[in-house]
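A, B, ... follow the sequence lines: proteins, then strands. Residue 1 opens every chain. On a predicted model such as this, the values are computed, not experimentally measured, just so you know.
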Amino acid sequence: MGKNLTLPFSFHLHPGCEPGQQVLAGQCRIGKYVPLPPAKRLHWILQNHIYPMITALEQQLASLNLAADWVGLRAVKATETARSVRDGFPQRNGKSTSQGIMVEVMVNGQIGYGATNSLQAEQVQVAAELAYQQAVAASQWAIYPLTPAVRPKVVGQYHSPFVKPLSALSPQEINEVLIRLCQSLKVSDQIVQTTATAITNETESWFVSSNGSEVYQKFLFLETHYGATAQDGAVVQQRSSNGYLAHSYQGGWELFLQPDLWEQAQRTGEQAVELLTATECPNQVTTLVLAPDQMMLQIHESVGHPLELDRILGDERNYAGGSFVKPADFGQLSYGSPLMNITFNPTVPGEFASYHFDDIGAPAQREYLIQSGLLLRGLGSLESQARMGQSGVACARASSWNRPPIDRMANLNLEPGTQSFDELIQDIELGVYMEANRSWSIDDQRYKFQFGCEYAKLIEQGQLTQTLRNPNYRATTPEFWHSLVRVGNESTWEMYGTPFCGKGEPNQAIRVGHGSPTCVFENVEVFGGGA
Amino acid sequence: MTLLEITQLEASFNQISDALMTALKADEALKLNLLAEQSQFIRFNHAKVRQTGCVRNAELSLSLMTHQRHGYRTLALTGDWNSDWPQVQQALAELRQEVPTLPVDPYLVLPSGSATSRDHHAGHLLAPSIVAATLLPTVAGLDFTGIYAGGAVIRAYADSAGQKHWFATETFALDYSLFAPDGQAVKGTFAGSQWDDAAYQAKLTNSKHQLQQMAQPAKSIPRGQYRTYLSPAAVADLISMFSWGGVSESALQRGGSALGLLQRQEKQLSPLFTLSENFQRGSVPRFNEWGEVAPVELPLIVAGQLKNTLISSRTAKEYGKVANGASGSEALRSPEVAPGTLTTDQILAELGTGLYLSNLHYLNWSDRPTGRITGMTRYACFWVDGGEIVAPIENLRFDESLYRFLGDQLINLTDTQEFIPEVGTYEHRSLGGIWTPGLLVEDFTYTL
């Protein structure tokens with residue numbers, strides 16, 4: 001950098017052109033080419049979300065006159081519709097568009113960032129100068145001297161798979177589905193609340209850098225939920241579709257509008273009522289069987305977070321916390337039983353946090369973090385890998401254009417074993433089977449945890465018997481994962497996601513996906529509710 | 001964001017508001033909500049800078065109401081009329097097309113009233129370029145970690161009934177921890193609108209002193225019930241649970257509140273416990289997303305009795321109640337816990353033998369209908385014996401009902417309150433905080 005390389009735009013679109021119709025300047029096929037003033041170009045192009053955004057960003061990048069070691073521009077446009085219904089009446093119907101640009105500038109080994117919601121060139125210039133000044137001011141205090149190697153050149157694209165586009169249902173049709181779900185859930189006068197929600201999100205990101213990166217990624221997210229609350233005097237129980245917004249995926253409406261949707265909703269309502277008279281979960285040490293919709297939370301909290309390298313490096317100690325895992329544990333620590341195989345896998349089609357590149361452009365691929373119980377690798381970006389001298393994964397992710405990338409989970413999955421559900425429980429004389437998370441808490445080192453579920457069944461002589469309410473369990477992470485004695489096969493494997501993984505200073509909530517089979521753990525302390 | 005830029009954003013908001021209201025049809029109602037900020041964030045680890053940057057953002061939400069239906073659009077407000085107004089027009093056009101297709105909402109709240117307000121709290125903050133150089137020399141040689149967030153935060157509202165509010169404040173918050181080599185730590189916050197270097201030095205000197213108390217091996221405490229002192233920061237975490245299925249009237253109506261037992265008078269809280277909403281100090285806007293202005297003070301729980309719940313206009317309409325200026329989420333916005341009579345110098349003596357907890361971590365309901373909360377101890381937590389601090393403790397999990405620790409197990413509250421600032425930055429910087437004393441309780445339950 002250091003030179004002002006203002007270049008002319010090589011091509012534009014006339015307003016009215018559709019994506020994919022970009023042509024060279026002055027040759028637009030529909031309408032007459034009208035040149036836009038430079039200050040408006042970025043704004044106009046992002047508004048029309050078309051491919052020339054990469055070129056526009058590169059032009060903007062070239063125009064920056066900064067004595068920097070590296071500069072990157074990441075533009076994001078996220079359009080989210082949120083529709084929710086409670087007890088058959090609409091609560092929320094709308095669309096939010098968040099768009100902006102983050103400029104990262106590396107000076108003397110320190111990165112500074114500036115982010116603006118204005119897409120006008122002069123405002124991006126201001127953001128870049130702020131980023132530069134931040135980097136310069138902090139460089140003498142830098143925790144680690146970074147080099148452009150942590151922002152390698154990368155070129156590529158990613159598009160979420162889908163069958164039925166997110167635009168396939170009108171707002172009216174979506175509301176009709178949600179209202180019908182509430183009606184299906186209302187199986188009794190003891191149901192005091194029904195809710196149904198559908199959130200769509202179309203997010204595009206463009207990333208360019210001074211060392212030639214050009215990345216475009218387009219994500220289609222669908223998050224859905226329905227649930228019922230049943231009450232009988234002081235007894236209140238809830239049951240939902242696998243936990244709050246657990247049905248979070250990449251794709252289109254095909255993920256939600258499945259043939260058994262109404263039947264599932266009715267069963268959910270019936271189970272909420274069933275829980276009112278169910279037996280309290282016993283207080284005892286026993287065999288615990290966890291369904292995939294609870295394994296999601298178990299993997300997330302007690303495997304994902306403790307393996308984040310930035311936690312181990314201490315970045316998160318003031319907020320999310322550190323980790324019981326130490327740098328020397330990689331390649332050495334027996335994290336769990338030999339049946340435990342955990343992969344970082346952003347390549348699973350439709351899983352919530354799939355992508356081809358993280359937010360600094362590192363190419364993403366499947367990696368074993370834990371294999372046969374042995375800890376191999378952490379969740380660390382190129383920056384964390386350089387700081388710690390450990391291998392990691394492509395996981396530098398930002399919640400939006402206005403937050404810097406940090407180490408995050410993406411899809412973190414437990415690989416399937418060999419046994420069917422019946423085989424998993426057939427030898428259990430006495431145990432508890434739990435489904436769907438409702439309560440979660442773990443310490444700042446990710447060691448002592450306590451989780452609660454919506455619904456449970458007693459296991460007696462290899463059979464699911466009576467229903468249990470208020471099921472909870474508590475343990476410490478290494479002890480728990482070493483008690484893993486059976487892992488279900490692919491027939492038991494399910495994947496879920498959540499948009500609410502919170503971390504970072506400033507705070508960021510990000511999407512993660514988790515797939516798991518049903519699993520069996522021995523000698524776990526389970527207990528019920530009540531004061 | 002300079003004063004000039006704040007003024008320009010206000011002018012832009014007003015211009016768009018005026019233009020929109022003029023464009024409305026007779027059967028349409030509209031409200032606008034603005035969230036804006038110019039923030040500097042510096043993240044520290046090991047008394048060095050991990051990340052540093054500035055964020056400028058403004059989001060404008062339009063809610064259109066017509067024929068008992070409603071919908072919204074949220075979009076960026078940049079302050080440039082030529083780029084903002086076409087987007088706003090497009091949003092209005094979309095809403096006019098969509099809203100008539102939506103279901104009727106019998107509990108729709110239309111804008112009404114004539115409330116207006118304008119608050120600008122100017123601050124004196126560190127220039128972005130000198131924050132690191134100002135903060136870090138004081139903590140040289142220490143394992144200092146945390147975040148400094150500073151700058152302007154704006155909330156604004158306007159509607160077709162003529163209500164209009166503007167709230168702008170310039171604040172900073174330093175949220176930090178100091179760690180000992182063995183991982184023991186102390187936590188602190190230093191927040192305000194006027195940077196005071198002497199106060200910062202004093203705050204850090206106090207934290208360093210606290211850290212010295214951690215310089216001995218941590219004591220492992222077996223699970224069980226212990227007499228416990230909860231500092232104001234720990235109490236703030238516990239009271240935050242009242243915003244999540246607590247004092248919300250809609251949650252109470254539909255079985256989602258932990259205070260159902262209290263409301264039905266099946267359980268009691270201690271006469272020592274009083275909780276209210278108190279906006280007197282002005283750190284957060286009093287207006288909500290309908291432009292309604294909350295009363296300066298609203299008692300919620302007085303001497304253990306549930307006197308008021310937080311009732312939004314929507315909930316009031318649904319359940320035939322009287323609204324009291326609550327937000328749509330019916331969460332606490334400016335809570336205050338009344339003090340007791342325990343003097344600071346008597347805390348350890350009154351605790352006698354038990355646990356002194358400075359902070360808690362990761363709270364959740366373990367059984368909401370019975371008011372049971374689980375969470376962890378964190379940071380400077382000590383075993384106390386004979387009124388003397390013996391040693392820091394290894395972190396413990398607690399699982400306890402509020403009907404016990406705010407009920408018959410509550411011994412006393414400190415006679416002074418502390419302000420615990422809200423330092424959250426999800427999507428945007430939060431405002432305000434809680435004023436609360438510390439609590440001394442008997443037989444607090446630890447489970448792991």
Contacting moiety of [X], where chain B heavy atoms sit under 4.5 Å:
| X | value |
| --- | --- |
| A:N472 | side chain |
| A:P405 | backbone |
| A:R86 | side chain |
| A:A82 | both |
| A:F89 | side chain |
| A:S118 | both |
| A:I174 | neither |
| A:A131 | neither |
| A:N470 | side chain |
| A:A127 | neither |

Enumerate donor-acceptor pairs with a distance under 3.5 Å from any side-chain N or O in residues 104-114 of chain A to protein atoms, sequence neighbours excluded.
unit_1: A:E104; atom_1: OE1; unit_2: A:R151; atom_2: NE; d: 3.4
unit_1: A:E104; atom_1: OE1; unit_2: A:R151; atom_2: NH2; d: 3.4
unit_1: A:E104; atom_1: OE2; unit_2: A:R151; atom_2: NH2; d: 3.0

Taking every non-hydrogen pair under 4.5 Å, which of [options] racks up the most with chain B?
| options | value |
| --- | --- |
| A:W401, A:F527, A:Y447 | A:W401 |
| A:Q172, A:Q133, A:Q445, A:E176 | A:Q172 |
| A:A230, A:G502, A:G88 | A:G502 |
| A:A138, A:G452, A:P171 | A:P171 |
| A:S96, A:S400, A:S98, A:A142 | A:S96 |

Can a donor-acceptor pair be found between the side chains of [X] and [Y] at a distance below 3.5 Å?
| X | Y | value |
| --- | --- | --- |
| B:Y362 | A:E301 | yes |
| B:N395 | A:D443 | no |
| B:N45 | A:R317 | yes |
| B:E98 | A:N93 | no |
| B:R397 | A:S441 | yes |
| A:Q134 | B:T52 | yes |

Any donor and acceptor pair, going by atom type alone, linking the side chain of [X] with main-chain N or O of [Y] inside 3.5 Å?
| X | Y | result |
| --- | --- | --- |
| A:N318 | B:S177 | yes |
| B:T425 | A:N507 | yes |
| B:Y426 | A:K503 | yes |
| A:K95 | B:Y72 | no |
| A:K448 | B:L448 | yes |
| A:N117 | B:A58 | yes |

Most heavy-atom pairs under 4.5 angstrom with chain A, which of [options]?
| options | answer |
| --- | --- |
| B:V99, B:L77, B:N57 | B:N57 |
| B:V423, B:L62, B:T145 | B:T145 |
| B:P106, B:A149, B:G71, B:G375 | B:P106 |
| B:E94, B:R69, B:E59 | B:E94 |
| B:R50, B:Q38, B:Q253, B:M376 | B:R50 |
| B:P369, B:G183, B:P103 | B:P103 |

(request) Indicate yes or no: at least one non-hydrogen side-chain atom of A:S170 is less than 4.5 angstrom from one of B:T101. (result) no

(message) Apply side chain to side chain contact (heavy atoms under 4.5 Å, CB included) to residues A:Q120 and B:D80 and explain how you reach the verdict.
(response) CA-CA 9 Å; A:Q120 296 189 31; B:D80 175 54; 2.7 Å; yes

Which heavy atom of [X] sits nearest to which heavy atom of [Y], and what is that distance?
| X | Y | result |
| --- | --- | --- |
| B:V104 | A:P90 | O-CD, 3.4 Å |
| B:S366 | A:R438 | O-NH2, 3.7 Å |
| B:R264 | A:A234 | NH2-CA, 3.4 Å |
| A:D87 | B:R254 | OD2-CD, 3.8 Å |

To the nearest 0.5 Å, tell me how far [X] [atom1] sits from [Y] [atom2].
| X | Y | atom1 | atom2 | answer |
| --- | --- | --- | --- | --- |
| A:Q99 | B:L75 | CD | CG | 8.5 Å |
| A:N402 | B:C54 | CG | SG | 13.0 Å |
| A:Q193 | B:S250 | CD | OG | 8.0 Å |
| A:E525 | B:T447 | CD | OG1 | 7.5 Å |
| B:H46 | A:Y144 | NE2 | OH | 13.5 Å |

(message) Does B:E427 have more than 12 heavy atoms from other residues, nucleotides or ligands lying within 6.0 Å of its CD?
(response)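 Check fails, neighbour count at 12 or below.
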
(request) Report, as yes or no, whether the 6.0 Å neighbourhood of atom CD on B:Q97 holds more than 12 heavy atoms from other residues, nucleotides or ligands. (result) no

(request) Considering only NZ, NE, NH1 and NH2 on the basic side and carboxylate oxygens on the acidic side, decide whether A:E316 and B:R43 come within less than 4.0 Å. (result) yes

(request) Given salt bridge (Lys or Arg N to Asp or Glu O under 4.0 Å), test A:E505 with B:R429 step by step and report yes or no. (result) CA-CA 11 Å; A:E505 291 177 312; B:R429 281 165 55 211; over 6 Å; no

(request) Evaluate side chain to side chain contact (heavy atoms under 4.5 Å, CB included) for A:I143 paired with B:V49, printing each intermediate quantity in order. (result) CA-CA 6 Å; A:I143 192 166; B:V49 174; over 6 Å; no

Side chain, backbone, both or neither: which part of [X] has a heavy atom under 4.5 Å from chain A?
| X | answer |
| --- | --- |
| B:Y403 | neither |
| B:R378 | side chain |
| B:P137 | both |
| B:E318 | side chain |

(message) Before you tell me yes or no, could you show the steps for B:D399 and A:R474 under salt bridge (Lys or Arg N to Asp or Glu O under 4.0 Å), namely the whole-Å CA-CA distance, both residues' side-chain angles and the distance that decides it to 0.1 Å?
(response) CA-CA 11 Å; B:D399 193 349; A:R474 61 170 78 98; 3.7 Å; yes

